[in-house]
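Everything on this sheet refers to the single structure shown next.
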Amino acid sequence: MSRFQEQKWRKTALVSGIVINLGILFFYKYYEFAGSLITDFFSWFGIGISIPQWNVLLPVGISFYIFQAVGYAVDVYRGTIKAEKNFIVYALFISFFPQLVAGPIERARNMLPQFKEKHKFSYENFDRGLRWMLWGFFMKLCVADRISTYVDAVYNNYMEHSGTSLLLATFFFTFQIYCDFAGYSLIAIGSSRIMGFHLMENFHRPYFSRSIKEFWRRWHISLSTWFKDYLYIPLGGNRVSHWRHLWNLFVTFLVSGIWYGANLTFVLWGTLHGLYQVVGIEKNRLLPQVKAPRKLHAVLNCIVTFVLVMFAWIFFRANDLHSAFEIIGRIFTHQGALFTGEGIPSLLLGFMCIGILMLKELKDELSLKIYALDSPHYGVRIASMSLFLAFIILSASFDGGAFIYFQF
């Protein structure tokens, strides 16, 4: 594209690059899913079609680095950045190891210049990066992995559990998916900062959001901004008619659901968030604003947003659509005893770790200062980090396994 002057050849090069990259992603991630949908569709008409199954392994992190490659090509086409002539530097941008397998999905304009700079050891970078990594390990080992055993036990055998247990498992999964992914992001961002590289923030306390729109400004920021820059805006964004604007929003969230995985549960999860956005816009446009004390209004909005997000997570976690609807039905109709198979102490520890998480996030949300965490003295911060590391080791669960987002 940098060599071509004529617009048609630049566009041809861009389209070719996008098709090749997304074609690779489709083959590895969606081929079997598409094949099964085609087979089921024709079977409704009594037509037997057999789509060959390749049973290939999904390369770890393929959704993330394919999107980075596509974003780079579009940025070169738009003239936002110049084409990188050094293949090694470009390869490093695509395969930078801290964020290779689960993001953040970086932009070429942020990372390529950093790969050409000299990086020297910095105590400030080391201190900040290590603190981010410690908090990421807490989110993964003490929160996500601790409560994952309960979530898996209930969701994988949902017919044997009451609505109360399913509701608690859904509440736990709301924090498991957040802490699992945000924890990885912090570890990636922190380890990069220790080496002198600055990655973009990927989560910004999403469960304090006051609307679904704000939630997506705080959740998986690198992906939501990617879809905004490379799908929503090219579709016309909000610079079109009202109904076309709503359609653009809906399509963007539908595609984001498909990005997560080759399963109808992810499609419905994305569709649900798209509907949330459309209904939210229409509500603000057609209904009068409720007059209430500002702080009370903010708290109520946070609670409503959290409940809507938690409800949508049922589709994200369920093994299939049938299971998701069965789980929703049992939550509202099959009340009963709480499942305590993991033991009361384990449940209490899970709640305690969630409480510590939310207190820390509330501190950051309200910009509160705690001397042990924000002291200007390195000795105090090292001591507090050492104590926190000891707490992680004592309270961590090491049964959770790989990060959830490795599958995407």
Looking only at heavy atoms, the pair that brings V240 and H245 closest together is CG2-N, 3.5 Å
### Task
In sequence, state the C-alpha distance, the side-chain angles, and the governing distance for F172 and F351, and then conclude on ring-ring contact (aromatic ring centres under 6.0 Å, His included).
CA-CA 9 Å; F172 272 179; F351 276 113; 5.1 Å; yes
Residue pairs meeting salt bridge (charged side-chain N to carboxylate O under 4.0 Å, His left out), one or both in residues 28-40, sequence neighbours left out, come to none
Inset, instruction - Could you walk me through whether F227 and Y232 pass side chain to side chain contact (heavy atoms under 4.5 Å, CB included), step by step? - result: CA-CA 6 Å; F227 276 115; Y232 174 69; 5.9 Å; no
- Message: Do E106 and Q114 pair up side chain to side chain, a donor and an acceptor below 3.5 Å, judged on atom types alone?
- Response: no
Parallel, tilted or perpendicular: which fits the ring planes of F325 and F315, with parallel below 30° and perpendicular above 60°? perpendicular
Run the salt-bridge test on R107 and D75 with the 4.0 Å N-O cut-off and return the result as yes or no.
no
* To do: Let me see the working for F93 and Y65 under ring-ring contact (aromatic ring centres under 6.0 Å, His included), right down to the final yes or no.
  => CA-CA 9 Å; F93 162 67; Y65 55 76; over 10 Å; no
Compute whether any side-chain donor of one residue and acceptor of the other, for W54 and Y31, lie under 3.5 angstrom apart. yes
dist S148:OG -> I404:CD1 (nearest 0.5 Å) comes out at 7.5 Å
Only one of F266, F250, F316, W216 passes ring-ring contact (aromatic ring centres under 6.0 Å, His included) with H273, and that residue is W216
* Is it true that a side-chain atom of S192 and a backbone atom of H198 form a donor plus acceptor pair closer than 3.5 Å? -> no
Residues passing the ring-ring contact (aromatic ring centres under 6.0 Å, His included) test with F137, sequence neighbours excluded, are none
Short side-chain donor-acceptor distance under 3.5 Å, S323 and D320 | yes
Sorted by chain and residue number, the salt bridge (charged side-chain N to carboxylate O under 4.0 Å, His left out) partners of R285 (sequence neighbours excluded) come out as E282
With sequence neighbours left out, the residues meeting ring-ring contact (aromatic ring centres under 6.0 Å, His included) with H334 are none
ask   = Does R193 come within less than 4.0 Å of D127, counting only side-chain N to carboxylate O?
value = no
F42 meets the ring-ring contact (aromatic ring centres under 6.0 Å, His included) criterion, sequence neighbours left out, with none
Aromatic centroids of Y72 and Y90 separated by under 6.0 Å: yes
In terms of side-chain heavy atoms, does Y155 have a donor or acceptor partner in T170 at a distance below 3.5 Å? yes
F171 meets the ring-ring contact (aromatic ring centres under 6.0 Å, His included) criterion, sequence neighbours left out, with F175
Only residue of F64, Y230, F253 satisfying ring-ring contact (aromatic ring centres under 6.0 Å, His included) with W259 is F64
